[in-house]
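Written out below as structure tokens is the structure these notes cover.
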Amino acid sequence: MGGRDTPSAAGLRRFHDDLLAAYGCQRWWPTQDEANPRFEILVGAVLTQHTAWTNVEIAIAALREAGPLTARALLEHADLAELIRRAGPHRVKARRLQALCTWFVDRGGFQALEAWSTETLRADLLSLHGIGFETADVILLYAFGRPCFVADAYAFRILERYGWSDGPRNYERLRRRIEAVGPAEDAIFYDELHALIVAHARGRCHKRAPDCAACALAPGCAHARAQAQPNTPRAEAGR
DNA sequence: ACCCAGGGTCATA
DNA sequence: TATGACCATGGG
């Protein structure tokens, strides 16, 4: 049984607030560069693809060791892949980083890109080799401060159980569904929402054995309701 | 010995 | 259009 419910603005707010109460403020994307963290976020967004963040930090540290963390400097490294060896598939990611850095320089950097609309910027990012839906949104959200819902695998798992996602997993469909009821201007909301979903997916809502007894979302969650009352034919749809 | 990790591309049917 | 192989390192 899956999600037949469509989220409402109030429902999404409650979802967010329940997680926030349980896990606290996350302020998610970690950065070493206090002065100018934004380019580091671009780099991290590619390096972290299917790779644990601890390894990404090591790879970023290696890049720093080798020179300034700028697009031009990265493009000049003789063996970029070797520098990021610790970040999983490093040869693949070296090509992706080069594509991203070339794009960044060609477009004139953050100053010029900030003027772009979110939709245009997303489309441009998606045209790059190695930038898919999730990485594009992570960049839009964390490097450009745009209000975007990151519909990653954790989000699908939790929202399917919660009752807000069903059928085949379609990234854009879920993103639009959430953004349709989320605050249009509030990037911090989406920042926290994504971070809280990750925290919850790793802490309670595991793939195999979700810990529904200790779950902060249980009162609104279709899966938890089904656990509590297996015989109820049709659970009441809470807002 | 598996499975997963802050994914995406490409070849195949 | 929908799966599967592949990338490649580390940690549980």
Side-chain angles (χ1 to χ4, degrees), chain A residues 16 19 23 25-33 37-63 65 79-103 122-146 148-160 165-175 178 187-211:
Chain A
H16 169 280
L19 286 176
Y23 300 102
C25 185
Q26 305 288 305
R27 278 310 141 83
W28 202 46
W29 202 279
T31 306
Q32 295 301 316
D33 193 337
R38 302 178 67 195
F39 183 72
E40 184 180 334
I41 294 172
L42 296 189
V43 174
V46 167
L47 292 182
T48 197
Q49 291 171 350
H50 199 68
T51 299
W53 184 256
T54 52
N55 288 337
V56 175
E57 287 186 322
I58 294 169
I60 291 178
L63 287 175
E65 185 104 6
D79 198 349
L80 185 58
E82 193 57 30
L83 289 174
I84 60 171
R85 170 173 277 285
R86 298 292 293 277
H90 52 273
R91 285 191 289 265
V92 168
K93 287 178 178 176
R95 284 194 295 270
R96 294 179 183 181
L97 275 184
Q98 286 180 26
L100 183 60
C101 288
T102 301
W103 169 84
R122 176 184 288 111
D124 211 35
L125 284 165
L126 287 173
S127 75
L128 294 178
H129 174 85
I131 306 293
F133 290 121
E134 184 175 339
T135 305
D137 282 341
V138 160
I139 289 173
L140 287 169
L141 175 57
Y142 291 100
F144 288 91
R146 307 300 175 93
C148 300
F149 179 70
V150 179
D152 65 353
Y154 291 141
F156 275 104
R157 186 165 86 217
I158 289 176
L159 294 184
E160 280 165 2
S165 176
D166 59 2
R169 291 187 174 188
N170 180 303
Y171 187 98
E172 285 295 274
R173 199 176 100 221
L174 181 57
R175 178 180 71 76
I178 297 301
I188 298 296
F189 176 87
Y190 292 99
D191 174 340
E192 284 298 314
L193 182 61
H194 174 55
L196 290 165
I197 284 172
V198 172
H200 188 58
R202 300 209 273 229
R204 288 269 175 278
C205 200
H206 298 122
K207 188 172 186 179
R208 279 309 177 112
D211 186 3

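These numbers come from a predicted model, not from an experiment.
A:Q32 places no side-chain N or O within donor-acceptor distance of the main-chain N or O of A:I60, the cut-off being under 3.5 Å. Between the side chain of A:T51 and the backbone N or O of A:Q49 there is at least one donor-acceptor pair closer than 3.5 Å. A distance-only check finds no donor-acceptor pair linking the side chain of A:Y190 to the backbone of A:V150 [under 3.5 Å].
Take A:R157 and apply the side chain to side chain donor-acceptor pair (under 3.5 Å) test, not counting sequence neighbours, and it matches no residue.
Taking the P atoms as reference points, C:dG10 lies 23 Å from B:dG8, given to the whole Å. For the P atom pair drawn from C:dA2 and B:dA5, the interatomic distance equals 24 Å after rounding to whole Å. Between C:dA5 and B:dC4, the distance separating the two P atoms is 15 Å to the nearest Å.
With rounding to whole Å, A:R169 atom CZ is found 13 Å from C:dT3 atom P. When rounded to the nearest whole Å, the span between CZ of A:R157 and P of B:dG7 equals 12 Å. Atom-to-atom, CG of A:L100 to C1' of B:dT9 comes out at 16 Å; the value is rounded to the nearest Å. Spacing between atom CG of A:D152 and atom C1' of B:dG8 amounts to 14 Å, rounded to whole angstrom units. In this structure, the CD atom of A:Q98 is 16 Å from the P atom of B:dT9, given to the nearest Å. With rounding to whole Å, A:F156 atom CZ is found 13 Å from B:dG7 atom C1'. At whole-Å resolution of the value, CG in A:N170 and P in C:dT1 are 12 Å apart.
Note on A:L141: nothing from the nucleic acid sits closer than 4.0 angstrom, heavy atoms only. Within 4.0 Å (heavy atoms only), A:H129 reaches sugar-phosphate atoms of the nucleic acid but no base atom.
Put simply, the side chain of A:D211 does not reach to within 4.5 Å of the side chain of A:H206, judged on heavy atoms.
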If a protein heavy atom is under 4.0 Å from the base, mark B; if only from the sugar-phosphate, S; if neither, -; do that for nucleotides 6-12 of chain C going 5' to 3'. -SBBS--
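A:F133 and A:Y171 have parallel rings, their planes meeting at less than 30° on a 0 to 90° scale where 60° marks the start of perpendicular. Ring geometry for A:H16 against A:F189 counts as parallel: the plane angle stays under 30°, on a 0 to 90° scale with 60° as the upper cut.
Distances shown here put every side-chain N or O of A:Y171 at or beyond 4.0 Å from the OP1 or OP2 atom of B:dG7.
Base pairing analysis places C:dG4 opposite B:dC10; the two distances defining the Watson-Crick or G-U wobble pair are each below 3.5 Å.
Positionally, the nearest nucleotide of DNA chain B for A:T48 lies more toward the 5' end than for the other of A:T48 and A:G130.
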